[in-house]
Protein chains: 2
Amino acid sequence: MNEEMASKIPRRRGRPPKGEAPDTRSRILDAALDLFARDGFAGASIRKIASEVGITESAIYAHFESKRKIYETLMSEAGPPLVLGVLESGVDLADPETFLRELARRVFEAWDEPRMRLFASVLMRESGAGSVSGGANLVGLIEEARRRLAEEVFGPWMAVGLVRDDFSPEHLVWEFFHPLAYIRLLYLHGQATEEERRAGLRLAEEHLDFFLSCALRDPEPQTSTSEQ
Amino acid sequence: MNEEMASKIPRRRGRPPKGEAPDTRSRILDAALDLFARDGFAGASIRKIASEVGITESAIYAHFESKRKIYETLMSEAGPPLVLGVLESGVDLADPETFLRELARRVFEAWDEPRMRLFASVLMRESGAGSVSGGANLVGLIEEARRRLAEEVFGPWMAVGLVRDDFSPEHLVWEFFHPLAYIRLLYLHGQATEEERRAGLRLAEEHLDFFLSCALRDPEPQTSTSEQ
DNA sequence: ATTATCTATAGATCTATAGATAATGC
DNA sequence: ATTATCTATAGATCTATAGATAATGC
């Protein structure tokens, strides 16, 4: 529980000297992320967050106007870019197998970071319909990634016969990507043990093999339009 | 919010006459399930549960000794049997395609029930590691189903060449079943709209087609051991 | 003057218990 | 006598604000 309940010695009254308690704002965000992941939005209290940081509750209100604002700030700072930015960073699109393996590798590299695992917990807890609005909607985030992968990656591949064409590009993306998202939620969450994480990564690799063996096609013998 | 905030007229003091407020205990459980699904364990209060049922908070304590006990009671009443009982009810194992389609149909029939959708929300919210212990562990429940399907269904099929054998039975089960579980959590939760539910069911069907087209094999031309 | 902290506190809400009361079932 | 409810209340905890105080940066 209170692993590092922060210095018991109460601070003296006014604004602390420069170097003493650096970047309280981000320490509040870190503590909040931790507690939201463990206890959910409703279960985490300003009081616990403050005590984790080592300041009083009222000090928090100098940085954020409410608990919900803390939540929204967190969520807006770790939204889509982290999922899709990976895609943008220019992996070679020519060979599906290489591309998908590299994409999965990068996505999992990001998702396996401690901070991202905390986000996975929060997403899992709070992304249902009745939840804290403001930012994180799990289905929404994933739909976005799915749409782009379908349009920009699987669609073109299908057009040149690199992947099977008896399912839509959208569905191929789904079969590729959603199991990975599922693994993230179940195996790469905030309190996942080393063992769970390894199990998750192993599953992901095996899924990739399975998917590739199902979806790939050898490129057709170049019935190029220029020589019909 | 308070769709049916229950009769505003306060009841009179003592035990109510027989037919008047029937089966309070199960009405408490229903209200609690509803609120746990919407607000999470921490976010749902005894007070709200009581007000939903139309009794005072203290009346609840005549039925359950604590909020946690209500939660545990709920979870113990809707555990594994609902997932696996479906499997037991004797669907013909001879033809994989028929069996798997029927299994999926029954599982989704159960999961699409309003009450089961509420459970999906609660599972999603509270099954992370740091959560309310007692009963529901999502990974645990699914592992159990997976193990049995692998041993009793996919294993035998693989032995007789009905499914591909370049992946373990366990992994084939995973590729078959986990996308369905994922759909349940994301599309068949407590507050899912009609539209989300339909999208989920459509995805499930398409997944089934995809999986069958990947995993099935025509039975081998009966190289039976008796005629070698 | 502004900022980041503290002390003190208001007011809401929450879980749970004690004790009164009225119907039930023996 | 038991059970299911109520009224009343204790005591914890929670969010948030007011106002004092001390360092910072102009």
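The basis for the numbers below is simple: all heavy atoms, side chains too, and nothing from hydrogens, waters or symmetry mates.
The side chain of Thr56(A) places an N or O atom within less than 4.0 Å of a non-bridging phosphate oxygen (OP1 or OP2) of dC6(C). At dA4(C), none of the side-chain N or O atoms of Thr24(A) fall inside 4.0 Å of OP1 or OP2 (strictly under the cut-off).
When rounded to the nearest whole Å, the span between CD of Glu57(A) and C1' of dT9(C) equals 11 Å. Separating the NZ atom of Lys67(B) from the C1' atom of dC14(C) is a distance of 8 Å, rounded to the nearest angstrom. If you take NE2 of His63(B) and P of dT3(D), they are 11 Å apart, rounded to a whole angstrom. Distance CD1 (Ile55(A)) to C1' (dA23(D)): 16 Å, rounded to an integer number of Å. If you take CD1 of Ile46(B) and P of dC14(C), they are 10 Å apart, rounded to a whole angstrom. Protein atom CD1 of Ile70(A) is 9 Å distant from nucleotide atom P of dA16(D), rounded to whole Å. Atom pair Asp39(B):CG and dC14(D):P shows a separation of 17 Å (rounding to whole Å applied). Atom CZ of Phe64(B) is separated from atom P of dA16(C) by 13 Å (rounded to the nearest Å).
Residue Ser58(A) has its side chain nearest to dA8(C) when only dT15(D), dC6(D), dA8(C) are considered. Residue Tyr61(B) places its side chain closer to dT15(C) than to any other of dT15(C), dT5(D), dC14(C). Side-chain proximity of Arg47(A) to the nucleotides dT5(C), dC14(D), dC6(C) is greatest for dC14(D).
Side-chain atoms of Arg101(A) and Asp209(A), non-hydrogen and from C-beta on, do get closer than 4.5 Å to each other. With a 4.5 Å cut-off on side-chain heavy atoms, Leu203(B) and His171(A) count as touching.
Ring geometry for Phe176(B) versus Phe154(B): interplanar angle of 30 to 60°, hence tilted.
dA20(C) is paired with dT5(D) under the Watson-Crick or G-U wobble criterion, all donor-acceptor distances under 3.5 Å.
Ionic pairing of Arg198(B) and Glu194(B) is present here: one or more N-O contacts between side-chain nitrogen and carboxylate oxygen are shorter than 4.0 angstrom. Under a 4.0 Å N-O distance rule, the pair Arg106(A)/Glu102(A) qualifies as a salt bridge.
The residue Ala50(B) sits apart from the nucleic acid: no heavy atom pair falls under 4.0 Å. At the heavy-atom level, Ser45(B) lies under 4.0 Å from the strands shown only through sugar-phosphate atoms.
Nearer to the 5' terminus of DNA chain D, by closest-nucleotide assignment, is the contact made by Ala59(B) (compared with the other of Ser66(A) and Ala59(B)).
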